[in-house]
Amino acid sequence: MNKLIILILTISSMNAFAQKLDTLTVEKIMRDPKWIGVSPSNIHWSDDSRKVYFDWNPENKDRDELFSASPANYNPVKVSVEEKKALVPERGEWNKKRTLKVYEKDGDIFLEETKTGKISQLTYTTDRETNPAFSGDESRVIFKRGDNLFALKLSGGELMQLTNFIKTTPGAASTQPAARRGNRNNQSATNEQERWLKNQQLELFDIIKEKDKDRKLDSIDRKENEQKKIKELPIDDKLVSYLELSPDCRYVTYRLIKSPEGAKTAIVPDYVTVSGFTEDIINRTKVGAPQSTFEFFIFDTQRDTVYKIITKDIPGIKDLPDYVKDYPKELA
(Lines give C-alpha, C1' and ligand atoms only; values in the text may rest on other atoms or scores of the structure.)
Protein backbone atom coordinates (compact mmCIF):
# COMPACT_ATOMS: atom_id res chain seq x y z
CA MET A 1 0.00 0.00 0.00
CA ASN A 2 2.79 2.40 0.92
CA LYS A 3 4.59 1.58 -2.29
CA LEU A 4 1.43 2.34 -4.26
CA ILE A 5 1.04 5.74 -2.58
CA ILE A 6 4.65 6.60 -3.24
CA LEU A 7 4.25 5.62 -6.91
CA ILE A 8 1.12 7.77 -7.29
CA LEU A 9 2.81 10.77 -5.67
CA THR A 10 5.85 10.34 -7.93
CA ILE A 11 3.72 10.22 -11.09
CA SER A 12 1.75 13.29 -9.94
CA SER A 13 4.90 15.28 -9.26
CA MET A 14 6.31 14.34 -12.67
CA ASN A 15 3.09 15.54 -14.35
CA ALA A 16 3.21 18.78 -12.38
CA PHE A 17 6.88 19.29 -13.33
CA ALA A 18 6.05 18.61 -16.98
CA GLN A 19 3.25 21.18 -16.84
CA LYS A 20 5.64 23.79 -15.41
CA LEU A 21 8.09 23.11 -18.24
CA ASP A 22 5.32 23.72 -20.77
CA THR A 23 4.89 27.29 -19.48
CA LEU A 24 8.49 28.22 -20.38
CA THR A 25 8.76 30.88 -23.09
CA VAL A 26 11.55 31.92 -25.42
CA GLU A 27 12.02 35.08 -23.36
CA LYS A 28 12.54 33.01 -20.18
CA ILE A 29 14.84 30.51 -21.88
CA MET A 30 16.98 33.27 -23.45
CA ARG A 31 16.80 35.33 -20.24
CA ASP A 32 15.43 38.40 -21.98
CA PRO A 33 16.48 41.61 -20.15
CA LYS A 34 12.85 42.72 -19.79
CA TRP A 35 12.13 39.50 -17.86
CA ILE A 36 15.10 39.49 -15.51
CA GLY A 37 15.43 43.28 -15.23
CA VAL A 38 17.58 45.76 -17.14
CA SER A 39 20.96 46.78 -15.76
CA PRO A 40 22.02 50.46 -15.89
CA SER A 41 24.33 51.43 -18.74
CA ASN A 42 26.42 54.40 -19.86
CA ILE A 43 27.33 55.19 -16.25
CA HIS A 44 29.37 58.37 -15.76
CA TRP A 45 30.02 61.11 -13.21
CA SER A 46 29.02 64.71 -13.72
CA ASP A 47 31.93 67.11 -14.26
CA ASP A 48 31.68 68.38 -10.68
CA SER A 49 31.51 64.79 -9.31
CA ARG A 50 28.29 65.54 -7.42
CA LYS A 51 26.05 63.17 -9.39
CA VAL A 52 26.22 59.90 -11.26
CA TYR A 53 24.21 59.67 -14.49
CA PHE A 54 23.15 56.45 -16.19
CA ASP A 55 20.62 55.03 -18.64
CA TRP A 56 18.08 52.69 -17.06
CA ASN A 57 14.72 51.08 -17.74
CA PRO A 58 13.28 49.74 -14.47
CA GLU A 59 9.68 49.93 -15.70
CA ASN A 60 10.27 47.88 -18.88
CA LYS A 61 9.36 50.73 -21.21
CA ASP A 62 10.18 50.85 -24.91
CA ARG A 63 13.58 52.45 -24.29
CA ASP A 64 15.99 53.42 -21.52
CA GLU A 65 15.69 56.78 -19.77
CA LEU A 66 18.27 58.98 -18.08
CA PHE A 67 18.54 58.68 -14.28
CA SER A 68 20.83 60.21 -11.68
CA ALA A 69 21.97 59.44 -8.17
CA SER A 70 24.20 61.23 -5.69
CA PRO A 71 26.18 60.42 -2.54
CA ALA A 72 23.52 62.31 -0.59
CA ASN A 73 20.68 60.33 -2.18
CA TYR A 74 21.30 56.79 -3.37
CA ASN A 75 17.79 56.40 -4.75
CA PRO A 76 17.80 56.84 -8.56
CA VAL A 77 15.86 59.86 -9.80
CA LYS A 78 14.65 60.34 -13.36
CA VAL A 79 16.29 63.38 -14.95
CA SER A 80 13.80 66.04 -15.98
CA VAL A 81 13.62 67.57 -19.44
CA GLU A 82 14.85 70.93 -18.12
CA GLU A 83 17.86 69.35 -16.43
CA LYS A 84 18.59 67.28 -19.53
CA LYS A 85 18.67 70.42 -21.70
CA ALA A 86 21.14 72.12 -19.36
CA LEU A 87 23.26 69.00 -18.94
CA VAL A 88 26.89 69.27 -20.04
CA PRO A 89 27.79 66.49 -22.50
CA GLU A 90 30.17 63.82 -21.28
CA ARG A 91 32.42 64.39 -24.28
CA GLY A 92 34.66 67.43 -24.43
CA GLU A 93 38.24 68.63 -24.05
CA TRP A 94 39.80 69.61 -20.71
CA ASN A 95 42.65 71.97 -19.97
CA LYS A 96 45.70 70.56 -18.20
CA LYS A 97 44.46 71.47 -14.70
CA ARG A 98 40.95 70.15 -15.48
CA THR A 99 39.43 73.45 -14.38
CA LEU A 100 37.99 74.29 -17.81
CA LYS A 101 36.15 72.13 -20.30
CA VAL A 102 35.26 73.10 -23.86
CA TYR A 103 32.59 71.16 -25.70
CA GLU A 104 30.19 71.28 -28.63
CA LYS A 105 26.43 71.18 -28.20
CA ASP A 106 23.81 71.63 -30.92
CA GLY A 107 26.46 72.94 -33.32
CA ASP A 108 27.82 75.67 -31.00
CA ILE A 109 30.87 75.86 -28.72
CA PHE A 110 30.59 76.17 -24.92
CA LEU A 111 33.08 76.66 -22.09
CA GLU A 112 32.49 75.27 -18.59
CA GLU A 113 34.24 76.33 -15.38
CA THR A 114 34.02 73.20 -13.25
CA LYS A 115 34.75 74.93 -9.93
CA THR A 116 31.88 77.41 -10.18
CA GLY A 117 29.70 75.55 -12.67
CA LYS A 118 29.57 78.64 -14.89
CA ILE A 119 28.90 77.91 -18.58
CA SER A 120 29.76 80.44 -21.32
CA GLN A 121 28.53 80.10 -24.88
CA LEU A 122 31.44 81.00 -27.16
CA THR A 123 29.65 80.77 -30.52
CA TYR A 124 26.05 81.28 -31.55
CA THR A 125 25.75 80.94 -35.32
CA THR A 126 23.71 79.17 -37.97
CA ASP A 127 26.88 77.35 -39.05
CA ARG A 128 27.93 74.18 -37.28
CA GLU A 129 31.08 74.43 -35.15
CA THR A 130 32.68 71.14 -34.09
CA ASN A 131 35.81 69.52 -32.60
CA PRO A 132 36.68 72.20 -30.00
CA ALA A 133 40.05 71.94 -28.23
CA PHE A 134 42.47 74.15 -26.33
CA SER A 135 45.58 75.54 -27.98
CA GLY A 136 48.98 74.51 -26.62
CA ASP A 137 49.19 77.51 -24.27
CA GLU A 138 45.44 77.23 -23.47
CA SER A 139 44.86 80.88 -24.37
CA ARG A 140 42.60 80.05 -27.31
CA VAL A 141 39.91 77.58 -28.26
CA ILE A 142 40.44 75.91 -31.62
CA PHE A 143 37.39 74.61 -33.48
CA LYS A 144 36.26 73.59 -36.95
CA ARG A 145 33.61 75.41 -38.97
CA GLY A 146 32.87 73.92 -42.36
CA ASP A 147 36.22 72.87 -43.85
CA ASN A 148 38.27 75.49 -41.98
CA LEU A 149 39.93 75.93 -38.60
CA PHE A 150 39.25 78.92 -36.35
CA ALA A 151 40.85 80.16 -33.13
CA LEU A 152 38.92 82.12 -30.48
CA LYS A 153 40.97 83.99 -27.88
CA LEU A 154 39.54 83.45 -24.40
CA SER A 155 40.65 86.86 -23.13
CA GLY A 156 39.08 89.44 -25.41
CA GLY A 157 37.14 87.13 -27.70
CA GLU A 158 39.22 87.80 -30.83
CA LEU A 159 38.24 85.35 -33.58
CA MET A 160 40.89 84.33 -36.13
CA GLN A 161 40.48 82.14 -39.21
CA LEU A 162 43.48 79.83 -39.55
CA THR A 163 42.82 78.12 -42.88
CA ASN A 164 41.12 79.15 -46.11
CA PHE A 165 40.28 76.11 -48.21
CA ILE A 166 38.88 77.04 -51.61
CA LYS A 167 36.92 74.61 -53.73
CA THR A 168 37.73 75.12 -57.40
CA THR A 169 36.48 73.48 -60.56
CA PRO A 170 39.23 72.47 -62.98
CA GLY A 171 38.85 73.94 -66.45
CA ALA A 172 36.42 76.65 -65.41
CA ALA A 173 35.63 79.17 -68.13
CA SER A 174 37.12 82.64 -67.94
CA THR A 175 34.93 85.30 -66.37
CA GLN A 176 36.40 88.00 -68.62
CA PRO A 177 33.75 89.51 -70.97
CA ALA A 178 33.82 88.08 -74.49
CA ALA A 179 34.13 91.54 -76.05
CA ARG A 180 37.40 92.08 -74.16
CA ARG A 181 38.84 88.60 -74.64
CA GLY A 182 39.15 89.05 -78.41
CA ASN A 183 41.33 86.95 -80.63
CA ARG A 184 44.54 85.59 -79.08
CA ASN A 185 46.41 86.15 -82.33
CA ASN A 186 45.71 89.89 -82.20
CA GLN A 187 46.17 90.26 -78.42
CA SER A 188 49.86 91.14 -78.48
CA ALA A 189 49.35 93.66 -81.28
CA THR A 190 46.44 95.28 -79.45
CA ASN A 191 48.42 95.53 -76.21
CA GLU A 192 51.33 97.13 -78.06
CA GLN A 193 49.01 99.70 -79.65
CA GLU A 194 47.38 100.51 -76.30
CA ARG A 195 50.75 100.99 -74.65
CA TRP A 196 51.84 103.39 -77.42
CA LEU A 197 48.64 105.44 -77.07
CA LYS A 198 49.00 105.55 -73.29
CA ASN A 199 52.60 106.77 -73.49
CA GLN A 200 51.63 109.43 -76.03
CA GLN A 201 48.80 110.68 -73.79
CA LEU A 202 51.19 110.91 -70.83
CA GLU A 203 53.64 112.96 -72.92
CA LEU A 204 51.01 115.38 -74.22
CA PHE A 205 48.91 116.05 -71.11
CA ASP A 206 50.50 116.99 -67.77
CA ILE A 207 47.22 116.49 -65.91
CA ILE A 208 47.07 112.85 -67.06
CA LYS A 209 50.69 112.43 -66.02
CA GLU A 210 49.92 113.74 -62.52
CA LYS A 211 46.86 111.52 -62.13
CA ASP A 212 48.84 108.49 -63.23
CA LYS A 213 51.53 109.35 -60.68
CA ASP A 214 48.92 109.68 -57.94
CA ARG A 215 47.42 106.31 -58.83
CA LYS A 216 50.81 104.66 -58.56
CA LEU A 217 51.50 106.27 -55.18
CA ASP A 218 48.04 105.23 -53.93
CA SER A 219 48.73 101.69 -55.05
CA ILE A 220 52.03 101.67 -53.14
CA ASP A 221 50.34 103.04 -50.01
CA ARG A 222 47.59 100.44 -50.17
CA LYS A 223 50.12 97.66 -50.59
CA GLU A 224 52.17 98.87 -47.62
CA ASN A 225 49.15 99.25 -45.35
CA GLU A 226 47.37 96.11 -46.52
CA GLN A 227 46.73 93.54 -43.82
CA LYS A 228 48.13 90.08 -44.32
CA LYS A 229 45.49 87.85 -45.91
CA ILE A 230 44.94 84.19 -45.22
CA LYS A 231 46.58 82.05 -47.86
CA GLU A 232 44.06 80.40 -50.16
CA LEU A 233 44.40 76.62 -50.22
CA PRO A 234 42.79 75.27 -53.42
CA ILE A 235 41.38 71.77 -52.99
CA ASP A 236 39.50 71.40 -56.31
CA ASP A 237 36.61 68.97 -55.67
CA LYS A 238 38.38 67.02 -52.92
CA LEU A 239 37.23 66.51 -49.34
CA VAL A 240 39.15 67.82 -46.31
CA SER A 241 39.69 65.43 -43.40
CA TYR A 242 41.93 64.98 -40.34
CA LEU A 243 42.30 68.75 -39.95
CA GLU A 244 44.63 69.36 -36.98
CA LEU A 245 46.56 72.30 -35.52
CA SER A 246 49.96 71.95 -33.84
CA PRO A 247 50.19 72.99 -30.14
CA ASP A 248 52.14 76.15 -31.06
CA CYS A 249 49.43 77.09 -33.62
CA ARG A 250 51.99 77.32 -36.42
CA TYR A 251 51.40 74.16 -38.45
CA VAL A 252 48.14 72.80 -39.83
CA THR A 253 48.02 69.21 -41.03
CA TYR A 254 45.23 67.93 -43.24
CA ARG A 255 44.33 65.16 -45.64
CA LEU A 256 42.57 65.52 -49.00
CA ILE A 257 40.36 62.73 -50.31
CA LYS A 258 39.72 62.34 -54.03
CA SER A 259 36.65 60.24 -54.81
CA PRO A 260 37.06 57.82 -57.74
CA GLU A 261 35.42 58.79 -61.01
CA GLY A 262 33.02 56.35 -62.60
CA ALA A 263 32.92 53.95 -59.63
CA LYS A 264 29.42 52.56 -59.24
CA THR A 265 28.01 51.55 -55.88
CA ALA A 266 25.98 48.42 -55.36
CA ILE A 267 22.28 48.85 -54.60
CA VAL A 268 20.33 46.50 -52.33
CA PRO A 269 16.50 46.58 -52.49
CA ASP A 270 14.66 47.12 -49.22
CA TYR A 271 11.21 45.51 -49.37
CA VAL A 272 9.99 46.15 -45.81
CA THR A 273 9.55 49.95 -45.70
CA VAL A 274 7.24 52.49 -44.09
CA SER A 275 6.09 53.80 -47.47
CA GLY A 276 5.05 50.35 -48.68
CA PHE A 277 7.23 50.70 -51.78
CA THR A 278 10.53 48.99 -52.48
CA GLU A 279 13.38 51.40 -51.73
CA ASP A 280 17.09 51.27 -52.52
CA ILE A 281 19.81 50.90 -49.91
CA ILE A 282 23.05 52.41 -51.20
CA ASN A 283 25.89 49.97 -50.54
CA ARG A 284 29.64 49.98 -51.12
CA THR A 285 31.40 49.66 -54.45
CA LYS A 286 32.17 46.28 -55.97
CA VAL A 287 35.44 44.56 -55.14
CA GLY A 288 38.11 45.74 -57.56
CA ALA A 289 36.41 49.06 -58.31
CA PRO A 290 38.54 52.23 -58.27
CA GLN A 291 39.23 53.42 -54.73
CA SER A 292 39.57 56.89 -53.26
CA THR A 293 43.03 58.44 -53.24
CA PHE A 294 44.52 60.32 -50.28
CA GLU A 295 47.07 63.12 -50.00
CA PHE A 296 48.60 64.50 -46.81
CA PHE A 297 49.79 68.10 -46.39
CA ILE A 298 51.41 70.40 -43.84
CA PHE A 299 50.59 74.12 -43.95
CA ASP A 300 53.17 76.44 -42.35
CA THR A 301 51.14 79.51 -41.37
CA GLN A 302 54.23 81.65 -40.70
CA ARG A 303 55.82 81.00 -44.09
CA ASP A 304 52.52 80.74 -45.98
CA THR A 305 53.85 77.53 -47.46
CA VAL A 306 52.20 74.17 -48.05
CA TYR A 307 54.27 70.97 -48.01
CA LYS A 308 53.00 67.73 -49.49
CA ILE A 309 54.08 64.63 -47.60
CA ILE A 310 55.48 62.01 -49.99
CA THR A 311 55.52 58.82 -47.95
CA LYS A 312 57.78 56.94 -50.33
CA ASP A 313 60.54 59.49 -49.62
CA ILE A 314 60.51 58.86 -45.86
CA PRO A 315 63.81 57.16 -44.90
CA GLY A 316 63.32 53.54 -43.89
CA ILE A 317 59.63 53.32 -44.73
CA LYS A 318 60.26 50.39 -47.11
CA ASP A 319 62.84 48.65 -44.93
CA LEU A 320 61.89 45.12 -43.94
CA PRO A 321 61.89 44.14 -40.25
CA ASP A 322 64.93 42.28 -38.93
CA TYR A 323 63.04 39.02 -38.27
CA VAL A 324 62.71 38.50 -42.04
CA LYS A 325 66.39 37.54 -42.12
CA ASP A 326 65.47 34.35 -40.25
CA TYR A 327 63.35 33.25 -43.22
CA PRO A 328 65.68 33.38 -46.27
CA LYS A 329 63.28 31.43 -48.47
CA GLU A 330 60.40 33.82 -47.87
CA LEU A 331 62.74 36.78 -48.28
CA ALA A 332 63.83 35.50 -51.68
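Everything numeric here is computed off the predicted structure, so don't read it as measured data.
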Report yes if the side chains of [X] and [Y] come closer than 4.5 Å at any heavy-atom pair, otherwise no.
| X | Y | result |
| --- | --- | --- |
| Leu111 | Leu100 | yes |
| Phe299 | Arg303 | no |
| Phe150 | Val141 | no |
| Ser139 | Leu154 | no |
| Val88 | Ile119 | yes |
| Ile257 | Arg255 | yes |
| Leu239 | Leu256 | no |
| Arg145 | Thr130 | no |

Q | Side-chain (Asn131) to main-chain (Lys144) donor-acceptor, under 3.5 angstrom | A | no
Q | Short side-chain to backbone donor-acceptor contact, Lys105 and Lys85, under 3.5 Å | A | yes
Quick one: pull up [atom1] in [X] and [atom2] in [Y] and give me the separation to the nearest 0.5 Å.
| X | Y | atom1 | atom2 | value |
| --- | --- | --- | --- | --- |
| Ile230 | Met160 | CD1 | CE | 8.5 Å |
| Asp108 | Phe143 | CG | CZ | 9.5 Å |
| Ile235 | Ile166 | CD1 | CD1 | 8.5 Å |

Q | Residue that, paired with Tyr53, satisfies side chain to side chain donor-acceptor pair (under 3.5 Å) out of Glu90, Lys84, Glu83 | A | Glu83
Can you get from [X] to [Y] by hopping between Ile, Leu, Val, Met, Phe, Trp and Tyr side chains that sit under 4.5 Å apart?
| X | Y | value |
| --- | --- | --- |
| Leu152 | Ile142 | no |
| Leu122 | Leu149 | no |
| Leu243 | Ile309 | no |
| Val79 | Val81 | no |
| Tyr251 | Val306 | no |

For the residue pair [X] and [Y], what are the closest heavy atoms and their distance?
| X | Y | value |
| --- | --- | --- |
| Ser275 | Glu279 | OG-OE2, 2.8 Å |
| Gln291 | Pro260 | O-CB, 3.8 Å |
| Ser46 | Asp48 | OG-OD1, 2.6 Å |
| Pro71 | Tyr74 | O-CE2, 3.4 Å |
| Ser41 | Asp64 | OG-OD2, 4.0 Å |

Checking [Y] against [X]: is there a side-chain donor and acceptor pair closer than 3.5 Å?
| X | Y | answer |
| --- | --- | --- |
| Thr123 | Glu129 | yes |
| Thr163 | Asn148 | yes |
| Ser246 | Asp248 | yes |
| Arg250 | Thr301 | no |

Could you tell me whether [X] and [Y] have a side-chain N and a carboxylate O separated by less than 4.0 Å?
| X | Y | answer |
| --- | --- | --- |
| Lys258 | Glu295 | no |
| Arg128 | Asp106 | no |
| Lys115 | Glu113 | no |
| Glu112 | Lys118 | no |

Q: Assert yes or no for the condition that the ring centre distance of Tyr242 to Phe296 is strictly below 6.0 Å.
A: no
Q) Mind checking whether Tyr103 and Phe110 have parallel, tilted or perpendicular rings, split at 30° and 60°? A) parallel
Q: Using the salt bridge (charged side-chain N to carboxylate O under 4.0 Å, His left out) rule, collect all pairs that involve residues 150-164, keeping only residues at least two apart or in two chains.
A: Lys153-Glu158
Q.
Connecting only ILVMFWY residues whose side-chain heavy atoms lie within less than 4.5 Å of each other, what is the rest of Phe54's hydrophobic cluster?
A. Ile43, Trp45, Val52, Trp56, Phe67
Q. Under the side-chain contact (heavy atoms from CB on, under 4.5 Å) test, which residues partner Ser70, sequence neighbours left out?
A. Lys51, Ala72, Asn73
Q) Which is it for Phe165 and Tyr254 under the ring pair (Phe, Tyr, Trp, His ring centres under 6.0 Å) test, yes or no, and what are the steps along the way? A) CA-CA 11 Å; Phe165 291 105; Tyr254 60 95; 4.8 Å; yes
Q. Would Asp47 and Lys101 count as a salt bridge (Lys or Arg N to Asp or Glu O under 4.0 Å) if you check the C-alpha gap in whole Å, the side-chain angles of each, and the deciding distance to 0.1 Å?
A. CA-CA 9 Å; Asp47 291 342; Lys101 178 182 178 181; 3.1 Å; yes
